[in-house]
Amino acid sequence: MSRKPLTVRVEDVCFSHWPVDPGALERAIPPWLSVERAADDAWITAIHHTVAGVSAFDIDLGNPAQSVTVRTYVTGPDGQRGLYFFAAFTTDPIASVAGPLLRLNYRDGEVTRRDADGEGRTERTLDVDGRRALTVRYTPGEEPASTAPPDSLPAFFVERFRVFGDGPLGTKFVGHVGHDPWELGPVEATVEGDLLSVLSLPEPVGDPLVHYSPGNELGVSPFKPLWLD
């Protein structure tokens, strides 16, 4: 029976996407990667989510945790589409076991989630270095979630299966994340804060877009040198 090295179950996932200047973003990623554009912009995404479970070779690890990851969309030297992570934050240190496998740069920060009122509205916040970096308030719509059409902007954001990362002495790495197509549902949301400035990333050039998913299961494979991909 096949056993996955690492499985991460995520729930109540809220994606906040900011358009940024492609040239500025190029200077923020490793030189061997290229920024991938959509709708004529480069994009940085913060993902608030609940880590409902983590298992390694079918052995459960840790407890449910609240997390935020910050990523962008790139292509590798041979044009392979993928992700590059700038930072990650979590309420459970055990959940950070995924960090080395995904080349996640876990940083100190305070992540919170609470019900904002009695009508299904959720508020998620992220504090970094004592500053309120991000507040997202959202209410999922009643319509059922569905997969994004191919070649759509939502699919550009969520249908990614490679993660690129740096290693010692400039080593180039790639990891793979397997998952079913993400199901996205309607959402009403407000996004506040200067997260990108706090992380020394390029400033937005427009208002954020928000997508919501009830969740997914991610099968994570360890990183390997890019030349073995």
Side-chain angles (χ1 to χ4, degrees), residues 4 6-19 36 38-39 41 43-55 58 60 62-73 81-83 85 88-92 95 98 102 111-126 134-163 176-193 195 204 206-221:
K4 298 178 182 178
L6 187 71
T7 299
V8 181
R9 290 182 291 108
V10 295
E11 298 177 350
D12 190 27
V13 184
C14 190
F15 302 83
S16 301
H17 317 280
W18 290 271
E36 186 176 7
D41 287 308
W43 296 85
I44 296 175
T45 298
I47 308 171
H48 277 277
H49 57 283
T50 299
V51 178
V54 178
S55 62
D58 300 328
D60 290 335
N63 298 308
Q66 306 306 321
S67 296
V68 179
T69 56
V70 183
R71 72 191 195 185
T72 192
Y73 306 90
R81 305 176 71 214
L83 301 169
F85 285 90
F89 307 86
T90 183
T91 60
D92 185 354
L102 280 178
V111 184
T112 67
R113 180 194 183 281
R114 69 182 185 90
D115 294 330
D117 54 40
E119 299 180 359
R121 192 163 181 82
T122 297
E123 179 181 274
R124 290 181 178 266
T125 64
L126 171 64
L134 183 62
T135 300
V136 182
R137 301 180 183 91
Y138 58 94
T139 305
E142 296 182 357
E143 294 85 353
S146 60
T147 58
D151 299 323
S152 66
L153 186 58
F156 171 89
F157 291 131
V158 300
E159 298 305 332
R160 299 276 167 159
F161 301 94
R162 282 184 174 85
V163 182
H176 292 265
V177 180
H179 56 78
D180 290 335
W182 280 87
E183 294 192 341
L184 303 177
V187 62
E188 294 183 1
T190 60
V191 181
E192 301 171 353
L195 173 67
D207 295 330
L209 301 178
V210 179
H211 291 105
Y212 176 81
S213 176
N216 209 339
E217 182 173 283
L218 314 177
V220 181
S221 298

Using the side-chain hydrogen bond (donor to acceptor under 3.5 Å, both in side chains) criterion, which residues pair with [X]? Sequence neighbours excluded.
X: S213; answer: none
X: T112; answer: T125
X: H17; answer: T45, H211

Original post:
So I47 and V13, side chain to side chain contact (heavy atoms under 4.5 Å, CB included) or not? Walk me through it.
Top reply: CA-CA 7 Å; I47 308 171; V13 184; 3.5 Å; yes

**OP:** Scan residues 136-145 for pairs that pass salt bridge (Lys or Arg N to Asp or Glu O under 4.0 Å), counting only residues two or more places apart or in two chains.
**Re:**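 Of all non-adjacent pairs touching residues 136-145, those that pass salt bridge (Lys or Arg N to Asp or Glu O under 4.0 Å) are E123-R137, R137-E192.
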
**OP:** For V111 and T90, work out which heavy atoms get closest and say how close.
**Re:**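 Shortest heavy-atom separation between V111 and T90 comes out as CG2-N, 4.3 Å.
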
Subject >> Smallest separation among heavy atoms of A88 and T69, with atom names >> reply: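 Residues A88 and T69, closest heavy atoms: CB-CG2, 4.0 Å.
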
Subject >> Intermediate values then yes/no, side chain to side chain contact (heavy atoms under 4.5 Å, CB included), L134 and V191 >> reply: CA-CA 7 Å; L134 183 62; V191 181; 3.7 Å; yes

Subject >> Evaluation steps, side chain to side chain contact (heavy atoms under 4.5 Å, CB included), between E217 and H179 >> reply: CA-CA 6 Å; E217 182 173 283; H179 56 78; over 6 Å; no

Subject >> Pair Q66-T50, side-chain hydrogen bond (donor to acceptor under 3.5 Å, both in side chains): steps then yes or no >> reply: CA-CA 5 Å; Q66 306 306 321; T50 299; 2.8 Å; yes

Hey, are the side chains of [X] and [Y] touching, using non-hydrogen atoms and a 4.5 Å cut-off?
X: L195; Y: V70; answer: yes
X: T122; Y: D115; answer: yes
X: P181; Y: E159; answer: yes
X: H49; Y: S67; answer: yes

Original post:
Can you tell which of F85, F157, W43, W18 makes a ring-ring contact (aromatic ring centres under 6.0 Å, His included) with Y73?
Top reply: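 Running ring-ring contact (aromatic ring centres under 6.0 Å, His included) over F85, F157, W43, W18 with Y73 returns exactly one hit, F157.
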
**OP:** Check salt bridge (charged side-chain N to carboxylate O under 4.0 Å, His left out) between R160 and all other residues, then give those that pass, not counting sequence neighbours.
**Re:**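 If we apply the salt bridge (charged side-chain N to carboxylate O under 4.0 Å, His left out) test to R160, skipping adjacent residues, the hits are E36.
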
Original post:
Of all residues at least two apart in sequence or in a different chain, which pass the salt bridge (charged side-chain N to carboxylate O under 4.0 Å, His left out) check with D12?
Top reply: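 With neighbours one apart ignored, the set is R113, R124.
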
**OP:** Sequence neighbours left out, what passes ring-ring contact (aromatic ring centres under 6.0 Å, His included) with Y212? Give chain and number order.
**Re:**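 Scan of Y212 (ring-ring contact (aromatic ring centres under 6.0 Å, His included), adjacent residues dropped) gives Y138.
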
Subject >> N216 side chain vs D180 backbone, donor-acceptor pair below 3.5 Å >> reply: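 Checked: pair present.
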
Subject >> Partner residues of V158 under the side-chain contact (heavy atoms from CB on, under 4.5 Å) criterion, sequence neighbours left out >> reply: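 Scan of V158 (side-chain contact (heavy atoms from CB on, under 4.5 Å), adjacent residues dropped) gives F15, W182, L184.
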
For a quick test of your reading: what N or O donor-acceptor pairs under 3.5 Å do the side chains of residues 147-155 make, sequence neighbours left out?
from: S152; atom 1: OG; to: P149; atom 2: O; distance (Å): 2.6
from: S152; atom 1: OG; to: A155; atom 2: N; distance (Å): 3.3

